[in-house]
There are 2 protein chains.
Amino acid sequence: MDDLETRELRYFVAVAEELHFGRAAERLGIAQPPLSRAIGKVEHRLGVELLTRNRRGVTLTAAGQVLLDEARTALAAITAATRRTRRAADPQRPLILATKAGASHELLLRLLDVVGKDSIEILLCEVSEQAGLLRDGSADVAIMHHPYDDLAGFDTEELQTESQVAILPAKHPLAAREKLTLAEVSNVPDLPIARWPQLDGSYPDGPGPEVHTQSQLAQLVALSKTLLVIPASSRAWQWPEHVAVPVVDAPDVTTLIAWRPSSRSLAVAALVRSAAALRETT
Amino acid sequence: MDDLETRELRYFVAVAEELHFGRAAERLGIAQPPLSRAIGKVEHRLGVELLTRNRRGVTLTAAGQVLLDEARTALAAITAATRRTRRAADPQRPLILATKAGASHELLLRLLDVVGKDSIEILLCEVSEQAGLLRDGSADVAIMHHPYDDLAGFDTEELQTESQVAILPAKHPLAAREKLTLAEVSNVPDLPIARWPQLDGSYPDGPGPEVHTQSQLAQLVALSKTLLVIPASSRAWQWPEHVAVPVVDAPDVTTLIAWRPSSRSLAVAALVRSAAALRETT
DNA sequence: TGCTGTGATACCCCACCGGTATCACAGCGC
DNA sequence: GCGCTGTGATACCGGTGGGGTATCACAGCA
């Protein structure tokens, strides 16, 4: 009836993200007039104003913001449909496991050891990307970390629990300490906590540096610009310029294996079983 | 790039559900040849065989089954996008609360009393429909019941916990009992447990009658065809021909209020707060 | 007062969706 | 063996509409 077409969703997301018809059109590989028309038609069909075109630029209305969120998830579902279908048709497809680089490294090695390296493909991703990769069909299972990652909508199995350490520049006074508390690390004036981009791509206010990848963060710690608190097993973080100090009152971090509840894949179930068995033998 | 169009998703779902091009075309309001072409084109683009056309009928391949699931959720996301956008643009929209008819009736009345009847619209639905209504934007919040309903993907707040009762035909010998156990009610030869349709619309095997609405079930109990075990507060079930007997070892049922985690609506948050406050004063 | 950069409008073309007519083929009754 | 029926696929054709170019309207700004 008045469902939006895939094309219209893509077009709107492009405009809403660029906030500029010309650039959005370029990104989409079409000319600007058809784009204007398409967006106008969507607004007319919905009976809702999505964008306010004032002199010098475009802004989202509240309804437009809602549609941006919804359109993104709808598009993810659509690409997931083709991806999962293609993969379902491939007889010897390996499972794809998404995990943050460097996190729970030993556990991952043990898991690979048990299930065999060939039956799984590892997809290394940046912080908190796993949920999106599971959702859009790029991955079948993911290693995630409570309470860091958003587990909403996934089935999970706990694998291990561990304490957290502060990663500090080796030269910093706090690096010599035997142990630290959250209070001590949360307000170090010369090592402000780094700021990650929010869902809309903007950064929260604060004194810390802006980062969007793990390696940036590692670099910034080495440069004595920031500190961070992470699970003890995140070995990839340990540069020579880093020192890890236990944070005694930081909440424990649970490593979990997560998958989509609607997945009926036997291979996923077997992998989860293997991972859970791994936990019990340790 | 090679995302499926909304139209193609709808077409495929229709064919996959009907397993018959002619009927599917009729349901879609188009002629059969364009439908055949469209499906063929999708198969070609994906490089995957979705349907096997053998003499006398069509069947889904494994990949086709995957696409059917994925396409359904993608379509739900698409319709949700327009619905939520329209609702976001409506300044005095009431919240829509989905709930099974008759379940947690008193609690619902108290909630309406607190927040005001005009700020909420009640959407009565059949068993386990709430999740779908939340997902496709038909409802903003839902009253759900653990462990009956699938809470995956939603944020929830517990509201109350209660024991369960067996609903029996008044004339049945077991109806005279003070209390019952799960073992006693689970294998009564003349009152077999009713069978609900599964996700694919088919019914599981078993001796019990097939049902797909609550009222059918209530009727069947009154006719001495089946029995059921439900939360004690489900008052709407209490026909004159019914008797409720406590089932002492049945697991407690928790009534929850559920909403989509991505909802940033202040009204939803306020409603949840009101509901939680209701719990504490009781 | 131009100049620049923005999105909207005017107009044209052709790709593609959907329609009708027809085919290919398998079951089935005789 | 013959039609007859019911299935999905193919052939062809016309109209809608998406995309293109050219241009406008208008606001900032030197």
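All values derive from a computational prediction rather than experimental measurement. In what follows, every chain begins at residue 1, and chains take the letters A, B, ... in the order their sequences are listed.
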* Structure fact -> Each nucleotide of nucleotides 11-22 of chain D classed B (base within 4.0 Å of a protein heavy atom), S (only sugar-phosphate) or -, in 5' to 3' order, makes -------SBBBB
* Asked: To the nearest angstrom, how far is A:E26 atom CD from C:dT6 atom P?
  -> 11 Å
* Residue list, salt bridge (Lys or Arg N to Asp or Glu O under 4.0 Å) with A:E8, at least two apart or on another chain -> A:R45
* side-chain hydrogen bond (donor to acceptor under 3.5 Å, both in side chains) partners of B:T59, counting only residues at least two apart -> B:T52
* Phosphate oxygens OP1/OP2 of D:dG8: is one of them under 4.0 Å from a side-chain N or O of B:S36? -> no
* Could you tell me which residues satisfy salt bridge (Lys or Arg N to Asp or Glu O under 4.0 Å) with A:R86, sequence neighbours excluded, listed by chain and number? => B:D2
* Taking five pairs at each end, how big is the angle between the two axes of the helix from C:dT1-D:dA30 to C:dC30-D:dG1, to 10°? -> 10°
* **side-chain hydrogen bond (donor to acceptor under 3.5 Å, both in side chains) partners of A:E129, counting only residues at least two apart** => none
* Any salt bridge (charged side-chain N to carboxylate O under 4.0 Å, His left out) pairs touching residues 88-101 of chain B, not counting sequence neighbours? -> B:K100-B:D149
* Rounded to whole angstrom units, what separation is found between the CZ atom of A:R53 and the P atom of D:dA27? -> 16 Å
* With sequence neighbours excluded, residues passing salt bridge (Lys or Arg N to Asp or Glu O under 4.0 Å) with B:R195 -> B:E210
* To do: Would you jot down, in residue-number order, the residues of residues 13-23 of chain A having a non-hydrogen atom under 4.0 Å from DNA chain D?
  => none
* **Interatomic distance, B:R45 CZ vs C:dC16 C1' [rounded to whole Å]** => 13 Å
* Asked: Do B:R87 and B:D140 meet the salt-bridge criterion of a basic N to acidic O distance under 4.0 Å?
  -> yes
* Asked: Sequence neighbours excluded, which residues qualify as side-chain hydrogen bond (donor to acceptor under 3.5 Å, both in side chains) partners of A:E17?
  -> A:R27, A:R72
* Any residue meeting side-chain contact (heavy atoms from CB on, under 4.5 Å) with B:A74, in chain and number order, not counting sequence neighbours -> A:A77, A:I78, B:L9
* To do: Identify, with sequence neighbours excluded, every residue that meets salt bridge (Lys or Arg N to Asp or Glu O under 4.0 Å) alongside B:R273.
  => none
